[in-house]
Amino acid sequence: MTNPATLRVIQWATGGVGKAAVQCVLNHPQLELAGCWVHSSDKNGRDVGDILGIESLGVAATSSIDDVLALDADCVMYSPLVPNDDEVIAILRSGKNVVTPVGWVYPDPDNPRHQAVADAATKAGVTLHGSGIHPGGITERFPLMISSLSSAVTHVRAEEFSDIRTYNAPDVVRHIMGFGGTPEEAMQGPMAGLLAAGFKQSVRMIADHMGFRIDPKIRTIQDVAVATAEIDYAPFPITKGSVAARRFRWQALVDGEPVITAAVNWLMGEENLDPAWDFGGIGERFEVEVTGDPPVKLTFKGLQPESIAEGLVKNPGVVVTANHCVNAIPDVCAAEPGIKTYLDLPLFAGRAAPSLASVT
């Protein structure tokens, strides 16, 4: 068996997802690292391997968008903290496909911003695929796959239960997620809007594909719990009365009743919370549940680390998010131009470990 031609990949940003994506590219027999864009000046010019703490890769990172777009490459794995339409349009216009976990899961063709990105991809003859914030399509692809086991479906739920202390980005946890601040600051902060941009698209995709007659507006619900005593969190204090847990719900409604729910539960542990939230007795996990004939429920374990210390070194959920994007690259590069969702692309798959791979 002969492998298809190697695809050259640029990594855009080297946070947790970006670093994991580079590792997945290195392990993938069809891919090679062609370049890397970095935000901070202290990473500019450094070998990407040095940034990751591994051997030299012979690829220098750059903070110049012009320089990275001038590289010869097939695809960009785009994983900044916050997506930028102008950046993505520039990448597409440079003739490069894009995979990303930070947007474009199920774009609205009536949204001018979404349409501008779609037009850029089509005109350049390239493809963009958004995989979603939750790892591996848990809020998009898996609910649809599981729903095929049932009939007369009345509700679909995809939900995350995570200890946020394992997420090694304290500035994000404090200033964007709102932990450690007042409930009022958290409720008025940017997190709900940033998440809604993705999760509302996920909910609409499921509703459209399954044929639900949903109300035009997706309902958003957010709640906070505060610490009843100081919680041990090394990067910054979680004092009594400050935000120590957050819940978000996005619900598609039919006649005012939820038929599709995407949900996030982030807790600074299970102790000292008011209200007294917990993980429900079975620990951190992701769940997908379809209520129908028969009801079906799938629980994902292993996507969260076994300990806080382990998560600060390597968080499986972050790695899975990156892997899923990278493993999609061959199919995205082979697709027709434009924005392609899960509904347009084949099933992605990982690749065998190099020691177990077939001879090429």
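Nothing here was measured: the structure is a model prediction, and the numbers come from that model.
Note that CD of Q188 is 7.5 Å distant from CD of E184, once rounded to the nearest 0.5 Å. Taking CD from Q201 and CD1 from I206, the interatomic distance works out to 12.5 Å, rounded to the nearest 0.5 Å. Note that SG of C333 is 11.5 Å distant from NZ of K96, once rounded to the nearest 0.5 Å. To the nearest 0.5 Å, atoms OG1 (T154) and CD1 (I260) are separated by 11.0 Å. Atom CH2 of residue W37 and atom OG of residue S79 lie 10.0 Å apart, to the nearest 0.5 angstrom. With rounding to the nearest 0.5 angstrom, the CG atom of N97 is 11.0 Å from the CD1 atom of I10.
Between the K340 side chain and the V332 main chain, no donor and acceptor come within less than 3.5 Å of each other. Between the side chain of E185 and the backbone N or O of M187 there is no donor-acceptor pair closer than 3.5 Å. Listed for the R8 side chain is a donor-acceptor partner under 3.5 Å among the backbone atoms of D72. Although no hydrogens or angles enter the test, the distance criterion places no donor-acceptor pair under 3.5 Å between the side chain of T239 and the main chain of S242. Here the side chain of D108 pairs a donor or acceptor atom with the backbone of D110 at under 3.5 angstrom. Between the side chain of D47 and the main chain of L57, a donor-acceptor pair closer than 3.5 Å is present. Side chain of R351 to backbone of A349: a donor-acceptor contact under 3.5 angstrom is found. S150 places no side-chain N or O within 3.5 Å of a backbone atom of I146 that could act as its donor or acceptor partner. The backbone N or O of G137 sits nowhere less than 3.5 Å from a side-chain atom of S131 that would complete a donor-acceptor pair. Of the possible donor and acceptor atoms, one in the side chain of E270 sits under 3.5 Å from a partner among the backbone N and O of F279.
At a cut-off of 3.5 Å, with distance as the only test, a side-chain donor of Q304 or S162 sits close to an acceptor on the other residue. Remark: the T228 side chain and the E271 side chain contain no N/O donor-acceptor pair separated by less than 3.5 Å. Side chains of Q222 and R249: no donor on one and acceptor on the other come within 3.5 Å. In summary, the side chains of E159 and N265 do present a donor paired with an acceptor at a separation below 3.5 Å, with no hydrogens or angles considered. With hydrogens and angles left out, the side-chain atoms of H39 and S63 include no donor and acceptor closer than 3.5 Å. Counted by atom type alone, S202 and E140 present one or more donor-acceptor pairs between their side chains at under 3.5 Å. Side-chain contact annotation: H134 with T139, donor-acceptor N/O pair under 3.5 Å present. Inspection of the S40 and D42 side chains reveals an N or O donor paired with an N or O acceptor under 3.5 Å. Of the N and O atoms on the side chains of D119 and Q115, at least one donor lies less than 3.5 Å from an acceptor on the other residue.
A single hydrophobic cluster is not seen to contain both L253 and I221; linkage of ILVMFWY side chains at heavy-atom distances under 4.5 Å, directly or through other members, places them apart. In the hydrophobic clustering of this structure, L71 does not group with V22; members are Ile, Leu, Val, Met, Phe, Trp, Tyr whose side-chain heavy atoms approach within less than 4.5 Å, directly or through other members. No continuous path of hydrophobic side-chain contacts links V117 to V99 [ILVMFWY only; heavy atoms under 4.5 Å]. By the criterion of side-chain heavy atoms lying less than 4.5 angstrom apart, applied directly or through intervening Ile, Leu, Val, Met, Phe, Trp or Tyr residues, Y78 is not grouped with V318; the two fall into different hydrophobic clusters. Note on V17 and V319: separate hydrophobic clusters, where clusters join Ile, Leu, Val, Met, Phe, Trp and Tyr whose side-chain heavy atoms are under 4.5 Å apart, directly or indirectly.
Side-chain contact check for N315 versus P305: some heavy-atom pair is nearer than 4.5 Å. Side-chain contact between L128 and V88 is present, with heavy atoms from C-beta onward closer than 4.5 Å. Using a 4.5 Å heavy-atom cutoff, the side chains of K297 and E287 are in contact. Side chains of V68 and W12 form a contact here, defined as non-hydrogen atoms less than 4.5 Å apart. Two residues are said to be in side-chain contact when any heavy atoms from C-beta on lie closer than 4.5 Å; D255 and R213 meet this criterion. Using a 4.5 Å heavy-atom cutoff, the side chains of H155 and V153 are not in contact. Using a 4.5 Å heavy-atom cutoff, the side chains of V48 and L52 are in contact. At a threshold of 4.5 Å between non-hydrogen side-chain atoms, the residues I164 and M177 count as touching.
In terms of heavy-atom proximity, G35 sits nearest to V59 at CA-CG1, 3.7 Å. V224 approaches P183 most closely through the heavy-atom pair CG2-CB, 3.8 Å. Closest approach of G256 and D215 over heavy atoms only: N-OD2, 3.5 Å. The nearest pair of heavy atoms linking A357 to A352 is CA-CB, 4.1 Å. Here the shortest heavy-atom pairing between V290 and P143 reads CG2-O, 4.2 Å. In plain terms, the two heavy atoms of N168 and P170 that are nearest each other are C-CD, 3.7 Å.
W250 does not carry R219 over the face of its six-membered ring by the limits of under 6.0 Å from the centre and within 45° of the normal. Geometric assessment of R204 against the ring of Y106 yields a negative cation-pi assignment under the 6.0 Å and 45° thresholds.
More than 12 heavy atoms of other shown residues, nucleotides or ligands fall within 6.0 angstrom of atom NZ in K301. Within 6.0 Å of the CG atom in D232, the count of heavy atoms belonging to other residues, nucleotides or ligands does not exceed 12.
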Requested in this report: Dump the intermediate steps for salt bridge (charged side-chain N to carboxylate O under 4.0 Å, His left out) on D85 and R113, then the final yes or no.
Outcome: CA-CA 7 Å; D85 288 5; R113 294 173 57 216; 3.0 Å; yes
Requested in this report: Dump the intermediate steps for side chain to side chain contact (heavy atoms under 4.5 Å, CB included) on E289 and V156, then the final yes or no.
Outcome: CA-CA 6 Å; E289 183 174 28; V156 178; over 6 Å; no
Requested in this report: Apply side chain to side chain contact (heavy atoms under 4.5 Å, CB included) to the pair F286 and T299, showing each step before the final yes or no.
Outcome: CA-CA 6 Å; F286 287 81; T299 301; over 6 Å; no
Report task. Decide yes or no on side chain to side chain contact (heavy atoms under 4.5 Å, CB included) for M205 and L144, but give the supporting numbers first. Result -> CA-CA 9 Å; M205 187 181 80; L144 293 176; 4.1 Å; yes
Requested in this report: With side chain to side chain contact (heavy atoms under 4.5 Å, CB included) as the test, would you mind laying out the steps for I133 and V102 before giving the verdict?
Outcome: CA-CA 6 Å; I133 299 170; V102 294; over 6 Å; no
Query raised in the report: Hey, mind stepping through F348 and H129 against ring pair (Phe, Tyr, Trp, His ring centres under 6.0 Å) and telling me if it holds?
Result: CA-CA 12 Å; F348 312 140; H129 170 65; 5.4 Å; yes
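Ion pair R165/D163 flagged as a salt bridge, since at least one NZ, NE, NH1 or NH2 atom sits closer than 4.0 Å to an Asp/Glu carboxylate oxygen.
The aromatic ring centres of Y233 and F179 sit 6.0 Å or more apart.
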